[in-house]
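Take a look at the structure set out below.
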Amino acid sequence: QVQLVESGGGLVQAGGSLRLSCAASGRTFSPYAMGWFRQAPGMEREFVAAINWNGGSTYCADSVKGRFTMSRDNAKNTVYLQMNSLKPEDTAIYYCAASYGSSWLVEEYRYNFWGQGTQVTVSS
């Protein structure tokens, strides 16, 4: 089992930045691909970004490409989501997830472990 705890959410004005963290505990962290997803009120959860097991490859959704960057520090068992130029439409609960696969993944069903989420609110 892998336990995931997100942090770093909050309230920010449009155009601002936040950095989300996701700390993992339990089984060895490094073999897992990791992802960030988000769910806005009344909407389905959607993919945001993903990273492979060693951080050498990342992928972001078109809606956040150029604004969000995902990274990881396996020595600290932590992944990050740097969010810049935030927009009101980025308001959502952000979840991190871990997958047994080593390559980055987009599909939600491929992830095996999920955190509880952290709220991000962007005011206009």
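Note that the structure is predicted; figures quoted are calculated from it, not measured.
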Original post:
Taking all atoms of both residues into account, what is the closest heavy-atom pair of Val79 and Met34, and its distance?
Top reply: CG1-CG, 3.6 Å
**OP:** Working to the nearest 0.5 Å, report the span between CG of Asn112 and OG of Ser99.
**Re:** 5.0 Å
Original post:
Which residue pairs pass the salt bridge (Lys or Arg N to Asp or Glu O under 4.0 Å) test when at least one of the two sits in residues 110-124, sequence neighbours left out?
Top reply: Glu107-Arg110
Original post:
Are any of the side-chain heavy atoms of Arg67 and Lys87 separated by less than 4.5 Å?
Top reply: yes
Original post:
Val48, Val120: one ILVMFWY side-chain cluster at the under-4.5 Å cut-off?
Top reply: yes
Original post:
Checking side chain to side chain contact (heavy atoms under 4.5 Å, CB included) against Ile51, which of Thr58, Thr69, Leu81 comes through?
Top reply: Thr58
Original post:
Who pairs with Tyr95 by side-chain hydrogen bond (donor to acceptor under 3.5 Å, both in side chains), at least two apart in sequence or on another chain?
Top reply: none
Subject >> With Ser63 via side-chain hydrogen bond (donor to acceptor under 3.5 Å, both in side chains) - residues at least two apart >> reply: none
Subject >> Evaluation steps, side chain to side chain contact (heavy atoms under 4.5 Å, CB included), between Met70 and Trp36 >> reply: CA-CA 8 Å; Met70 187 172 183; Trp36 284 98; 3.4 Å; yes
Subject >> Minimum-distance pair of heavy atoms, taken over all atoms of Asp90 and Ser85 >> reply: OD2-O, 4.4 Å
Original post:
When the aromatic ring centroids of Phe113 and Tyr100 are compared, is their separation below 6.0 Å?
Top reply: yes
Subject >> Heavy-atom pair with the smallest gap, counting every atom of Thr78 and Lys76 >> reply: OG1-O, 2.8 Å
Subject >> Least distance between heavy atoms, Ser103 atom then Asn52 atom >> reply: CA-CB, 4.0 Å
Subject >> Beyond-backbone contact of Arg45 with Arg38, side-chain heavy atoms, under 4.5 angstrom >> reply: no
Original post:
Would you find a donor on one side and an acceptor on the other, under 3.5 Å apart, between the side chain of Thr91 and the backbone of Glu89?
Top reply: no
Original post:
Under a single-linkage definition using a 4.5 Å side-chain heavy-atom cutoff for Ile, Leu, Val, Met, Phe, Trp and Tyr, are Val5 and Trp114 assigned to the same hydrophobic cluster?
Top reply: no
Let me check something: any side-chain donor-acceptor pairs from residues 9-20 under 3.5 Å, sequence neighbours excluded? List them with distances.
unit_1	atom_1	unit_2	atom_2	d
Ser17	OG	Asn84	OD1	2.9

Subject >> Ring centers of Phe37, Tyr94 separated by less than 6.0 Å >> reply: no
Original post:
Do Tyr32 side-chain atoms and Val2 backbone N/O form a donor-acceptor pair below 3.5 Å?
Top reply: no
**OP:** Of all the heavy-atom pairs spanning Tyr111 and Ala50, show the shortest one and how long it is.
**Re:** OH-CB, 3.6 Å
**OP:** Can you see which heavy atom on Phe47 is nearest to which on Cys60, and at what distance?
**Re:** CE2-C, 4.1 Å
Original post:
What's the spacing between Glu44 CD and Glu108 CD if we round to 0.5 Å?
Top reply: 8.5 Å
Original post:
Is the Trp104 ring parallel, tilted or perpendicular to the Tyr59 ring (thresholds 30°, 60°)?
Top reply: parallel
Subject >> Spacing of CG belonging to Leu4 relative to CD belonging to Glu6, to within rounding of 0.5 Å >> reply: 7.0 Å
Subject >> Which residues share a side-chain hydrogen bond (donor to acceptor under 3.5 Å, both in side chains) with Lys65, sequence neighbours left out >> reply: Asp62
**OP:** Could you pull out all residues at least two apart from Gln39 that satisfy side-chain hydrogen bond (donor to acceptor under 3.5 Å, both in side chains)?
**Re:** none
